[in-house]
Amino acid sequence: MSFTFGTFDTDEAGAVATLLRLPSFAGLTVDTLEAAGSDGLILGGTTRSKATYEFDVITAASPTPAAAGDARDAIALALDPARGLGDLSFDAAPGWLWRAIVAAPIEWERHSWWPGSYRFRGTVSFDALEAYGRLADDERWTYTGPGNRTVTRAKGNARSYPTVEIEGTLTAAQKVTVTVGDVVVAVSGPLTAGQVLRLDYDRFDFGRWSGSTKVASAIGAMSTLDRAELWPHAATPFRVSTTGTATRAELIANSRRQ
């Protein structure tokens, strides 16, 4: 097995990296309340914190002890937590990324120690501060105008909160109405040509954008802040109607894996 972290690839380094466990529901906490007058508890909800991924890493076979030390040092340099968060991916979950950081010391030991095959071995532990993995190439559905559609997420195994993007033109008196599943939101204008109305339910960020610049918040123009969601393998209505014009309507899944 192998992993990549940022631009570092264990395969390219000649190292062997074996994932020791692949958790589901990492960091899960079930919140309960005492039920007065009963012999049970009331479910308050669930929360997720970080996910931990541990790898058994063996450095490349080196001809000398000094070269083995160089191989060990190169891995430590590439994974240095002072670099901050990076994208972690591994071959047990191809196409998925976790934003992670090395979260424990690597205690290197001699693995093999004879001429031509000097190797170190250690456990590399990453913490993904969001317990969910994200697709490197996410699912999205793009349409050239209003309409009634049904979409079905095919990837991932957890609820996700999608992003809706609308392009077109709206005056201040006009609006666009978007339906995702059970959530129906009407958003008032204005929206000018070249701008994008972006409703990001994953980051809970709603606004009008011009290129990479957010020019205005859309929260005050929205009829509801109820959170849209998508579940894998579940047919979900995606409808767009407007009293103005819409030239593009796109739904981005923000797929997640646990």
Side-chain angles (χ1 to χ4, degrees), residues 1-30 46-139 153-160 202 232 253-258:
M1 298 179 71
S2 62
F3 70 77
T4 63
F5 180 72
T7 60
F8 174 76
D9 187 323
T10 54
D11 283 341
E12 293 179 359
V16 177
T18 302
L19 182 64
L20 299 179
R21 57 188 62 85
L22 181 59
S24 293
F25 314 123
L28 175 64
T29 299
V30 178
T46 62
T47 56
R48 309 285 176 89
S49 60
K50 66 182 181 180
T52 299
Y53 298 94
E54 292 184 343
F55 295 84
D56 177 33
V57 177
I58 303 173
T59 62
S62 300
T64 66
D70 290 342
R72 175 204 59 202
D73 290 348
I75 293 176
L77 175 62
L79 304 183
D80 190 337
R83 298 181 184 274
L85 290 167
D87 287 334
L88 173 69
S89 62
F90 39 84
D91 55 4
W96 292 86
L97 303 172
W98 282 259
R99 292 290 289 171
I101 190 169
V102 169
I106 306 173
E107 304 291 349
W108 296 105
E109 299 177 349
R110 292 180 180 181
H111 175 63
S112 60
W113 211 251
W114 54 80
S117 185
Y118 294 99
R119 296 174 181 261
F120 282 99
R121 183 175 193 169
T123 299
V124 177
S125 179
F126 290 96
D127 275 356
L129 303 188
E130 181 190 38
Y132 297 95
R134 303 293 186 131
L135 276 174
D137 185 16
D138 203 4
E139 295 180 89
R153 261 188 60 200
K155 298 181 180 180
N157 64 350
R159 172 178 56 185
S160 72
D202 188 52
N254 295 329
S255 301
R256 303 197 296 181
R257 177 173 181 154
Q258 59 190 358

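This one's a predicted model, so the numbers in the text were calculated from it and none came from an experiment. What's counted below: heavy atoms across the whole structure, side chains too, no hydrogens, waters or symmetry copies.
Across every non-hydrogen atom of Arg159 and Arg153, the tightest pair is C-NH1, 3.9 Å. Scanning all heavy atoms of the two residues, the minimum distance from Arg134 to Asn254 falls at NH1-O, 3.7 Å. Heavy-atom minimum distance, Gly116 versus Ala61: O-CB, 4.2 Å.
Here the side chain of Asp127 pairs no donor or acceptor atom with the backbone of Ile101 at under 3.5 angstrom. Looking only at distances, a side-chain donor or acceptor of Ser112 sits under 3.5 Å from a matching main-chain atom of Ser117. Looking at Asp56, its side chain never comes within 3.5 Å of a backbone N or O of Thr18 through a donor-acceptor pair. Side chain of Ser160 to main chain of Ala158: no donor-acceptor pair is present (N/O by atom type, distance under 3.5 Å, no hydrogens or angles). Between the side chain of Glu139 and the main chain of Ala154, a donor-acceptor pair closer than 3.5 Å is present. When atom types are taken as modelled, the side chain of Arg256 and the backbone of Ala131 share no donor-acceptor pair closer than 3.5 angstrom.
Rounded to the nearest 0.5 Å, atoms CG (Asp70) and OH (Tyr118) are 14.0 Å apart. Interatomic distance, OG1 of Thr7 versus CD of Glu12, reported as 8.5 Å (0.5 Å rounding). Separating the CZ atom in Arg110 from the CZ atom in Phe120 is a distance of 6.5 Å, to the nearest 0.5 Å. Note that CG of Leu97 is 10.5 Å distant from CG of Asp138, once rounded to the nearest 0.5 Å. Atom OG1 in Thr59 sits 9.0 Å away from atom CZ in Arg72 (nearest 0.5 Å). The structure places CG of Leu88 at 10.5 Å from CZ of Arg99, a figure rounded to the nearest 0.5 Å.
The side-chain heavy atoms of Leu79 and Phe8, taken from C-beta on, include a pair separated by under 4.5 Å.
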Please step through side chain to side chain contact (heavy atoms under 4.5 Å, CB included) for the pair Thr123 and Glu107, ending with a clear verdict. CA-CA 7 Å; Thr123 299; Glu107 304 291 349; over 6 Å; no
Can you check side chain to side chain donor-acceptor pair (under 3.5 Å) on Ser89 and Thr4, steps first, answer last? CA-CA 5 Å; Ser89 62; Thr4 63; 2.4 Å; yes
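Applying the ring pair (Phe, Tyr, Trp, His ring centres under 6.0 Å) rule to pairs touching residues 61-108 yields Tyr53-Phe90, Tyr53-Trp98, Phe55-Phe90, Phe90-Trp98, sequence neighbours excluded.
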